[in-house]
Structure formats: C-alpha cells, structure tokens
Amino acid sequence: MTTKLVIIGLPGAGKTTVFNALTGAEANTGTFGVAADEPNLATVKVPDPRLDRLTELFQPQRKVPADVQYLDVAGIAKGIAEKGMSGQLLGHLAQGDALVHVVRAFEDPNVPHPEGSVDPMRDIETLNLELMFSDLGLIEKRIGRIESQIQKTRGAERELAERELDVLNRLRAALERDQPIREIIDEIDPDDHKLIRGFGFLTEKPLLILLNLGEDQLGEGGETLVAGARERFGAPKVAVEGMAGKIEMEIGQLHEEDAAAFMADLGIAEPARGRVIRTSFELLGLIVFFTVGPDECRAWTIRRGETAVEAAGAIHSDIQRGFIRAEVVSYNAMIDAGSMAEVRKAGALRREGKTYIVQDGDIINFLFNV
C-alpha cells in the first residue's frame, strides 16, 4: 500500500521547493515549474528507526521501508473553482489519499505574492474556499442530472438514485454553511457513502496545512505562527505543521554529516521529511507492522483497526485466503529480548486469529495454507 499525498497551494507558495525538500528531487522551481497536466512525482522511503533497529538485529539480505508518493501539481489560483478546474488537475487531486496545502509564510521581494502581501491565514482561507467551491460545483451538476433522470426510473434503480440524491443534498447543505465534507462524512451511512466514493471530493480528504517558513522564522516566530494556525484551522482530519522549505531542500542535498552540522547550527532537530510523513499517517489513520527474517526486514502500511487477516492481504492475497494464524510480538518486546529465540523463551510470541486487531509496530509471522 503506497500512500499518495498531493501537494497543493496558491501560486508562489513554494510548493515545488517543499516537494524537493520532502523527496530529495531536483524539480525546477518557480512560476512555470509545473504544468497542470504534468505534475512532479516522486516516491520516497518512509524513515522509520524501528525498521533500522530490526535490520541491525536480523542482518537480512535487504531492508524494505514503506513508501510514500508525492504529487506536486500546478498552483491553484484564486477564483479557479468558479471558472472550473481542468479535468487533468481534478484528476490529479482525486488521486491523493490526503492533501498537503503549502502556505507561504516567508517574505521574498524577488517572488511577489499574487495578493500583494504575505498573509498565511488569508491564504489558508482562500484555498479552503476554492476546494469547497469545487466540490459544490461537482455536487450541483450531479444533483441536476439525477433530478432530470429520476422520473424516468422505477423500482430499485429509482430507489438507488433517491438515496444518492439525499446524500448529495446533505453534502451540499454542509458546504453552503462553509463546512467541509470531512467534518460530516462519518455521519453518512457506509452503504450510502459507497454511492459517492467515486467523486473524490476534495474537502473529504484529510488535510495537512504546511506553513512554508523563512530562515528568519525558525524558532519562536515560526512556532507562534504555527500555533495560531492550529488554533484557527485545526479540526478533525486537519493538521498544521511548519517547515522552512528552502532550508530543508538545501539540507536534503548535503551529505549526512554536513546536514547534521547545518541543522545543529539552525536549531533544527530533524529533517522535516519524517515529521511530515508521521503527521500524514496520523491524519490518514495508518499504522505500520513488520515482517522480519534472514531474507528481508520489511515495513507494511495498513489502516488502523484492520485485522490480522486483512494485514495478511497487504502482503499477498494467497496468504489472506489461506490464513491459519498469526504469530505476533510487539516491537518493544522484540528489542528487549534481542532475538526471536529469546522472544519465544520469554513467552512473548502470541498466537492470534483472523480477528486480531493489528497494533502499530507489531512484528508478525503469518502461517497459511498454500
């Protein structure tokens, strides 16, 4: 399971700089860095110290981290939703499991702001409205089609159309009161939600607001700005973080020792890449479990609350179909014991069935029939 995060923002926010910082890519930055139908795309390995430690213990032939894919799309200009987003842009946005909204907080006289001044709170509000207008336009078009066709249908087909119409009207009412779909979607019956899943509504997706700070905002100034944005825009399925995109991009281009010294000089505790991924995983309700052995140590991504048999399916459908049981040990128990043999001696290896809810950091060996 590869997590897909789409980077969005107003023109001039530094999206591509942030993309480069998060991925280690060297995409062209600037006004013409990205075309609407050709996003920058990169897949990166998720940094996980737990996997590093397990690799030290088991000395496998290879280490396989989890993946995250970033798409850096064209800037979303103010008023674009009213005119109608292009099909290519909407298609790219719909691919994302979550949206990463890069917001300009840095001052740079060489990069004029489209609104004439730098105001992160205003820009967050602007893009939130653009996303809502886009969803509202899509919903109104669909409602119009259903209402024109519903009188021509009968029986089960009409009942299905009426159910979809009811859900869409509820979503439209929420958007008209400036409430994103993510805030009410859990109130929708799961069976009814299936009727609208294919639309890929933008305000239904989890949102990470990422303030793009200048070097002069590292420390207390940036922390105060991030705290203010969290207080104003923080909500379920919405998170706010800050990073100095230009500085982080430079860090990503340095050798490890030089990068560590540079971060120490600037008071940066860790590269933003890991922090942004962790926050994204929390927003999406994702966890990691591990498989270990002499051939490989691997991290697998699943949704929180999934069962052992569903986790088996993340590896291979044959393992899921032939599932017998799962042998499970927690990461901490494994580290304390130091080896699988010691885990077994300590009685820390548990046998779990299909309905076991996998926990973050579980190390699992699946037994199955071929």
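All figures in this text were calculated on a predicted structure; none of them were measured in a lab.
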Is there any salt bridge (Lys or Arg N to Asp or Glu O under 4.0 Å) pair reaching into residues 193-209, and which pairs are they, with sequence neighbours excluded?
Asp191-Lys194
Taking only residues two or more places apart in sequence or in another chain, which ones pass side chain to side chain donor-acceptor pair (under 3.5 Å) with Ser317?
none
Residues clustered with Tyr356, ILVMFWY side-chain links under 4.5 angstrom
Ile287, Phe289, Trp300, Ile302, Val309, Ile315, Ile319, Phe323, Val328, Val358, Ile364, Phe366, Phe368, Val370
Do any pairs count as a salt bridge (Lys or Arg N to Asp or Glu O under 4.0 Å) and have a residue in residues 45-60, sequence neighbours left out, and if so which ones?
Lys45-Asp67, Asp48-Arg50, Arg50-Asp360, Asp52-Lys63, Arg53-Glu56
Please collect all salt bridge (Lys or Arg N to Asp or Glu O under 4.0 Å) contacts where either partner lies in residues 179-190, sequence neighbours excluded, each pair once.
Asp186-Lys237
Under the ring pair (Phe, Tyr, Trp, His ring centres under 6.0 Å) rule, collect the residues that match up with Tyr70, sequence neighbours excluded.
none
Side chain to side chain donor-acceptor pair (under 3.5 Å) with Arg298: which residues, sequence neighbours excluded?
Glu296
Could you pull out all residues at least two apart from Phe262 that satisfy ring pair (Phe, Tyr, Trp, His ring centres under 6.0 Å)?
none
Pairs flagged by salt bridge (Lys or Arg N to Asp or Glu O under 4.0 Å) wherever residues 241-267 is involved - sequence neighbours left out
Arg230-Glu241, Glu241-Arg275
By side chain to side chain donor-acceptor pair (under 3.5 Å) - contacts of Asp216 (at least two apart)
none
Can you pull the ring-ring contact (aromatic ring centres under 6.0 Å, His included) pairs that have at least one residue in residues 200-232, sequence neighbours excluded?
Phe199-Phe201
For residues 338-347, which side-chain donor-acceptor pairs fall under 3.5 Å, sequence neighbours excluded?
unit_1: Ser339; atom_1: OG; unit_2: Glu342; atom_2: N; d: 3.2
unit_1: Glu342; atom_1: OE2; unit_2: Lys345; atom_2: NZ; d: 3.4

